[in-house]
Amino acid sequence: MKTYTSKRLAFYITGILTLIMVFFMLVNFYASHNLILVLISTLLFHGISYLVVLYLLNRFIADKIKPVYKTIRDLPVSGKKLDMKITSDANVLTHVRQEVEDWAKTQTAEIERLKDLERYRKEFVGNVSHELKTPIFNIQGYILTLLEGGIDDPKINKLYLQRTEKSIDRMISIVEDLESITKLESGEMRMNMEKFDIVKLVEDVFDMEQMLANERKVMLEFVQKPERPVMVNADKKRITEVVSNLVNNGIKYNKKKGTVHVSFYDFEDHILVEVADSGIGIDKKDLPRVFERFFRVDKSRSREQGGTGLGLSIVKHIIEAHDQTINVKSKVDEGTTFTFTLEKAR
Ligand code: ADP
């Protein structure tokens, strides 16, 4: 479609007016025979009327478009107002069209973002209720059996109370993990940076996880334990959570007589911590999803081990809150290796 600028429109309108005037001048010329006067007055008329029409046209367009433009300008996109200025220059239409097209693009992107958020919210609520449903129904079942006479049966009364407690523990860990994720995502959880020895921290985690490792016959080892402390600058409590989670997963998803090895690599500004296991591994197609909330390769295996599917998601959030990175490599049946960086203490 051909677009007209106001300049061109003004030129055409005045052109038509001039032709009409020339017609009358020529009629006049027949009467007066003064050609120069006819030419000068024609040019003068064209020039003046061009300027007047151009001015009126621009004013008209600006007045009509201003309210629309103002509405668009005042509509915030992602909390920001667009910085548009209406001018009365000759390219006002082209200018407006460009700005409105840009505005429409931003709005479409914003709508897509909101749709994604809504999808995520629905999925999240669905996942949470699904996760909580199992322990709640289990508790209901045990309590009902106990109320219906089971309480007096020594064969099941203690067992069912223990199972009830296990289900309550599970609900507590889901709720605690959800709380951590919400705080980390909203930026509410501040990192308390301090200097500490990462080797000592891993040793402490090994101690905490030793019982589970013994149960599963998995060895927890340093590949080459540094002789001197390796000092880093980070939130000690949160990094303990990260290492515990990775070591705990290394044990849970391992094979009998498997190993969980921890190594440290010294870089200029960073320390790279590697947690490698000789476990069941993760399929290539699932690998990019392991940091997603509630993602589990094998749901029943994870639940059986008390997993919530939120651990790695929390781990990633914590590392990112430190402005550091975490990566994963894995081979089915051979094992999985997680590496993350920490800032070296000065
Ligand atoms: P979960 O509570 O289920 O362990 P995570 O977020 O810690 O949740 O891990 C997500 C999923 O990633 C696990 O369910 C498991 O399928 C897989 N996974 C995590 N760590 C390992 C590992 N070291 N070896 C094999 N699979 C793993």
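When a residue number appears, it is its place in the shown sequence, counting from 1. No experiment lies behind these values; they were computed from the predicted model shown. Counting starts at 1 for both ligands and their atoms, following the listed order.
At least one N/O-N/O distance between Leu312 and ligand 1 falls below 3.5 Å. Between Tyr253 and ligand 1, at least one pair of N/O atoms sits closer than 3.5 Å. Below 3.5 Å of separation, one finds an N or O of Val297 facing an N or O of ligand 1. Taking only nitrogen or oxygen atoms, main chain and side chain alike, Gly309 reaches within less than 3.5 Å of ligand 1. Note: an N/O pair closer than 3.5 Å links Gly311 and ligand 1 by distance alone.
Lys115 and Glu118 are not joined by a salt bridge, as no carboxylate oxygen comes within less than 4.0 angstrom of a charged side-chain nitrogen. Checked for salt-bridge contact, Asp116 and Arg119 meet the test: a charged N lies under 4.0 Å from a carboxylate O. Ion pairing between a basic and an acidic side chain is recognised when a charged N comes within 4.0 Å of a carboxylate O; Lys344 and Glu268 show no such pairing.
Residue contacts with ligand 1, taken as heavy atom pairs separated by less than 4.0 Å, do not involve Phe291 at all. Here Leu246 has no heavy atoms under 4.0 Å from ligand 1, in either its backbone or its side chain.
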Please report, to 0.1 Å, the donor-acceptor pairs under 3.5 Å made by any side chain of residues 191-208, with sequence neighbours excluded.
| unit_1 | atom_1 | unit_2 | atom_2 | d |
| --- | --- | --- | --- | --- |
| Lys195 | NZ | Arg346 | O | 3.0 |
| Asp197 | OD1 | Val199 | N | 3.1 |
| Asp197 | OD1 | Val230 | N | 2.9 |
| Lys200 | NZ | Asp204 | OD1 | 3.0 |
| Lys200 | NZ | Asp204 | OD2 | 3.2 |
| Glu203 | OE2 | Lys225 | NZ | 2.3 |

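Of the N and O atoms on the side chains of Asn214 and Gln210, at least one donor lies less than 3.5 Å from an acceptor on the other residue.
Applying the side-chain hydrogen bond (donor to acceptor under 3.5 Å, both in side chains) criterion to Glu343, with sequence neighbours excluded, gives Asn233.
Interface of Gly307 with ligand 1, defined as ligand atoms under 4.0 Å from a residue heavy atom, comprises 1 (P), 2 (O). Near Thr308, the atoms of ligand 1 lying under 4.0 angstrom from a non-hydrogen atom of the residue are 2 (O).
The neighbour count for Phe11 CZ, taken as heavy atoms of other residues, nucleotides or ligands under 6.0 Å away, does not exceed 12.
Selection from Arg296, Glu292, Lys316 by nearest heavy atom to atom 14 (O) of ligand 1 gives Arg296.
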